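The structure displayed is predicted, hence computed values, not measured ones.
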Amino acid sequence: MAKVRTRFAPSPTGFMHIGNLRTCLYAYLFAKKNDGAFVLRIEDTDRERYVEGAVDVIYSTLAKAGITHDEGPDKDGGYGPYIQSQRKSLYLDYAKELVEKGGAYYCFCDKERLDSLKDGNGVAKYDKHCLSLSKEEVQRRIDAKQPYVIRQNIPSDGASEYDDMVFGHISVPNEDMEDGVLIKSDGMPTYNFANVVDDHLMAINYVIRGVEYLSSTPKYNLMYDAFGWERPHYMHLSPIMKDAQRKLSKRYGDANFEDFLAKGYLPEAIVNYIALLGWSPKGNEEKLSMNQLVEQFDVDGISKSPSIFDEAKMRWLNGEYIKQMSVEDFVKAATPYFEESKAAGKYDYSELAKLLIPRVEILSEIPDKINFLEEFGEYDVTMFEHKKMKITKEIALANLKTVRQDFAEEEDWSDTALKARGMALAEKTGCKSGQIFLPLRLALTGVATTPGGATEMAQLLGKQESLRRLDFSIDLLERNI
RNA sequence: GGCUCCAUGGUCAAGCGGUCAAGACAUCGCCCUUUCACGGCGGUAACUCGGGUUCGAUUCCCGAUGGAGUCACCA
């Protein structure tokens, strides 16, 4: 059996869209799963859409995502060149060969005639007008430098069929397919043609791409047949949606890999999540490494219907990845976010990391979670009221005063020492420990949720600052009771 | 509009003729706790609608409805 070869063929138009990345990922997983090769081809024939530097974005995205191509512009595997614009010389000859074989023909119709074919809805289907031109007539016009295109010759009746690996049997009536342009009047191939030629020349035997090609694939197959080439297997993938009717797209923003990285998502988590969007593993485990994905990837698990992108779930998954990070790795990844917080440079990042790791889902939450360290002032004292804990503002105030007095004597301003003091106070006053610690935590931070308990926060702030804040809060409470 | 597909909770989804219809996220409640988190336990929540086929349909067939894709000298 021939070695499996899949490809990812992006256009260098800017950032990597999440949907594209998923297609890429599946092509990669399928190749690796089957000990095959995954090739990267750059489709840059459309000069108008070309964006400078976009090829580098593709490389860096693949690298960050952990997807390694076996062949590509930077890795010759003997099937190059891998950049379509460098291949343009070979398409015309293949088109001519196809004309010889009856799969295509020259067309000299001008725009006016083409427009005249349009129906009430502005939809036109080419009428094969030039198919009837004799060989001599065609030659005469070419010699006369009359502009021409080369069109595919599609049978006018019957149906074309194939079996898609995810959608099953697909059958399209031939009369619904147009004799599309293969070679444009400027001599350049259209995507439809270049794709077929390239895939064949690069020995791609598993074509994995978006569903938008599902119903045009019979056209491609007709070309393979006319050339006498072996048809590849096809795997079409349903789109990722923003909601039930809108596709996730650049137009709606935040759909690029880079955007998610900037929001503090880990590349492994993004890859893991999108792998699960449209494919499900046999088992119930959802947190899967790239190796596990390769191992478990299976066409059976690919779903046919579009799936809606759920950032909440990706967020959760990202949190799972963060919980498994070492303090060192977390500090490394989180440093930019520490730096942009108000606490930048004033605290030991490793200490912050220990507190933050189990409490952060995406890295960009960090500044908000630690800003209280440097930002403290008037806050809403109703926070002190806690029904279940039986805490009122009065009780909070009383306990805070006791704590203030007691803690002032403590020399060892550490979490453990302060915790012991707090517990002792609770016992002495007959309070529940929570009645001591909840008000303390609030009084020290002024915010409802903190990255740790009261004494941890106290240790972080240091004795002087802690006492200052306690005084402030006691005063605040007295004024608002 | 023609053509090609698709259809299980709010979301991702398992299921592939007989199940009290998995699991995860989200949500809600309880527990743990030192208050914040983490964690543990539990709850709410789904087979789009009609016809068939069958002893029996979420599952197979047809239709309706809804949704997606496609109908370029763009990829």
Picking from rG2(B), rC38(B), rU35(B), the nucleotide nearest the side-chain atoms of Asp176(A) would be rG2(B)
The nucleotide from rC71(B), rC6(B), rA75(B) with an atom nearest the side chain of Glu178(A) is rC71(B)
Practice item. Tell me yes or no: between the side chains of Lys287(A) and Gln324(A), is some donor less than 3.5 Å from an acceptor? Key: yes
**OP:** Could you check whether Ala448(A) gets within reach of a base, just the sugar-phosphate, or nothing at all, counting any heavy atom under 4.0 Å?
**Re:** sugar-phosphate
TODO: Examine rC6(B): is either OP1 or OP2 under 4.0 Å from a nitrogen or oxygen in the side chain of Lys304(A)? Give yes or no.
DONE: yes
**Asked** Side chains of Arg209(A) and Thr217(A): do they bring a donor and an acceptor to under 3.5 Å?
**Response** yes
If we ignore angles and hydrogens, is there a donor and acceptor under 3.5 Å between the side chains of Tyr234(A) and Asp163(A)?
no
Self-check item: Sugar-phosphate only, base, or nothing, as touched by Gly278(A) at under 4.0 Å among non-hydrogen atoms
Solution: sugar-phosphate
Between OH of Tyr321(A) and P of rC38(B) the distance, given in whole Å, is 19 Å
**Message:** Parallel, tilted or perpendicular, judged at 30° and 60°: which one describes the rings of Tyr148(A) and Tyr106(A)?
**Reply:** perpendicular
Notebook entry, point to check: How far, in whole Å, is rU44(B) from rG9(B) if one measures between their C1' atoms?
Noted result: 10 Å
Out of rG10(B), rC73(B), rU4(B), minimum distance to the side chain of Pro173(A) belongs to rU4(B)
Subject >> Donor + acceptor pair across side chains of Tyr220(A), Asp199(A) (<3.5 Å) >> reply: no
Q.
Please determine whether any donor N or O and acceptor N or O are separated by less than 3.5 Å between the side chain of Thr190(A) and the base of rC73(B).
A. no
Review point. Just by distance, with hydrogens left out, do Ser473(A) and Tyr379(A) show a side-chain donor and acceptor under 3.5 Å apart?
Key: yes
Among the nucleotides rU11(B), rG39(B), rC73(B), whichever has the atom closest to the side chain of Lys323(A) is rG39(B)
Mate of rA68(B) across any strand shown (Watson-Crick or G-U wobble, both atom pairs under 3.5 Å) is rU4(B)
Exercise. When you compare rC6(B) with rA24(B), how far apart are their C1' atoms, in angstrom units rounded to a whole number?
Worked result: 23 Å
Paired to rG17(B) by Watson-Crick or G-U wobble criteria (both distances under 3.5 Å) is none
- Task: Would you please confirm or rule out a distance under 4.0 Å between OP1 or OP2 of rA75(B) and any side-chain N or O of Lys184(A)?
- Result: yes
5'-most contact on RNA chain B (nearest-nucleotide basis), Asn195(A) vs Leu440(A), goes to Leu440(A)
The nucleotide from rC36(B), rA14(B), rA75(B) with an atom nearest the side chain of Ser280(A) is rA14(B)
Residues of residues 350-374 of chain A with a heavy atom under 4.0 Å from any atom of RNA chain B, listed by number, are Pro358(A), Arg359(A)
Re rG29(B): Watson-Crick or G-U wobble partner, both distances kept under 3.5 Å, found to be rC41(B)
ask   = When we call it a touch if two heavy atoms are under 4.0 Å apart, what does Val149(A) touch: a base, just sugar-phosphate, or nothing?
value = base
Using the C1' atom on both, measure rC12(B) against rG51(B) and round to a whole Å. 32 Å
Would you call the rings of Phe338(A) and Tyr349(A) parallel, tilted or perpendicular, taking 30° and 60° as the class edges? parallel
Under 3.5 Å, is there a donor-acceptor pair linking the side chains of Glu385(A) and Thr382(A)? no
Ser303(A) has its side chain closest, among rC36(B), rA13(B), rC12(B), to rA13(B)
Separation of rA24(B) atom C1' from Leu288(A) atom CG, nearest Å, is 12 Å
If pairing means Watson-Crick or G-U wobble with both distances under 3.5 Å, then the partner of rG50(B) is rC62(B)
Counting only distance, no hydrogens or angles, is the base of rA75(B) paired donor-acceptor with the side chain of Tyr213(A) under 3.5 Å?
yes
### Query
How would you label the contact of Thr445(A) with the nucleic acid (heavy atoms, under 4.0 Å): base, sugar-phosphate, or nothing?
nothing
- Query: When you compare rA45(B) with rG39(B), how far apart are their C1' atoms, in angstrom units rounded to a whole number?
  - Reply: 25 Å
N or O in side chain of Lys219(A) less than 4.0 angstrom from rC71(B) OP1/OP2:
no
Side-chain atoms of Leu277(A) come closest, of rA22(B), rC12(B), rA68(B), to rC12(B)
- Message: Does Met314(A) reach a base, just sugar-phosphate, or nothing at all? Heavy atoms under 4.0 Å.
- Response: nothing
- prompt: Which part of the nucleic acid, if any, lies within reach of Glu286(A) when heavy atoms closer than 4.0 Å are counted: base, sugar-phosphate only, or nothing?
  reply: base
Discussion item. Using the rule given for ring-ring contact (aromatic ring centres under 6.0 Å, His included), can you reason through Phe372(A) versus Tyr347(A), listing the C-alpha separation, both sets of side-chain angles and the distance that settles it, and then say yes or no?
Written reply: CA-CA 13 Å; Phe372(A) 74 89; Tyr347(A) 295 84; 8.6 Å; no
Q) Expressed in whole Å, how much space separates the P atoms belonging to rU58(B) and rG1(B)? A) 31 Å
Side-chain contact check for Thr449(A): nearest option of rA14(B), rA68(B), rA37(B) is rA37(B)
Partner of rC12(B) under the Watson-Crick or G-U wobble criteria, both distances under 3.5 Å, comes out as rG23(B)
Please check the phosphate of rC73(B) (OP1 and OP2 only) for any side-chain N or O of Ser185(A) closer than 4.0 Å.
no
So, OP1 or OP2 of rU70(B): does either fall under 4.0 Å of a side-chain N or O from Ser216(A)? no
Regarding the side chain of Glu43(A), the nearest nucleotide among rA75(B), rC25(B), rC5(B) is rA75(B)
If you measure from the C1' atom in rA26(B) to the same atom in rU33(B), how many Å do you get, rounded?
24 Å
- Message: Does Tyr321(A) form a ring-ring contact (aromatic ring centres under 6.0 Å, His included) with Tyr265(A)? I'd like the steps, not just the answer.
- Response: CA-CA 10 Å; Tyr321(A) 276 85; Tyr265(A) 284 92; over 10 Å; no
Item to complete: Write down the distance separating the C1' atoms in rU11(B) and rA37(B), rounded off to the nearest Å.
Response: 25 Å
In whole angstroms, the gap separating P of rC12(B) from CD1 of Ile240(A) amounts to 11 Å
Contact class for Ala312(A) vs. all strands (heavy atom < 4.0 Å): base, sugar-phosphate, or nothing? sugar-phosphate
When rounded to the nearest Å, what value does the distance between C1' atoms of rA46(B) and rG15(B) take?
13 Å
- Task: Would you classify Ser433(A) as touching base, sugar-phosphate or nothing, given that sugar-phosphate means primed atoms plus P, OP1 and OP2, and contacts are heavy atoms under 4.0 Å?
- Result: sugar-phosphate
Modelled atom types, side-chain donor and acceptor of Tyr273(A) and Glu268(A), under 3.5 Å: no
Among rC5(B), rC38(B), rA13(B), the one nearest any side-chain atom of Phe167(A) is rC5(B)
- request: Look at all strands and tell whether Lys432(A) reaches a base, only sugar-phosphate, or nothing, counting heavy atoms closer than 4.0 Å.
  value: nothing
(request) Report which part of the nucleic acid Ser238(A) touches: base, sugar-phosphate, or nothing (heavy-atom distance under 4.0 Å, all strands). (result) nothing
The answer to which of Tyr273(A) and Lys282(A) contacts RNA chain B further toward the 5' end, by nearest nucleotide, is Tyr273(A)
In terms of side-chain heavy atoms, does Gln152(A) have a donor or acceptor partner in Asn192(A) at a distance below 3.5 Å?
no
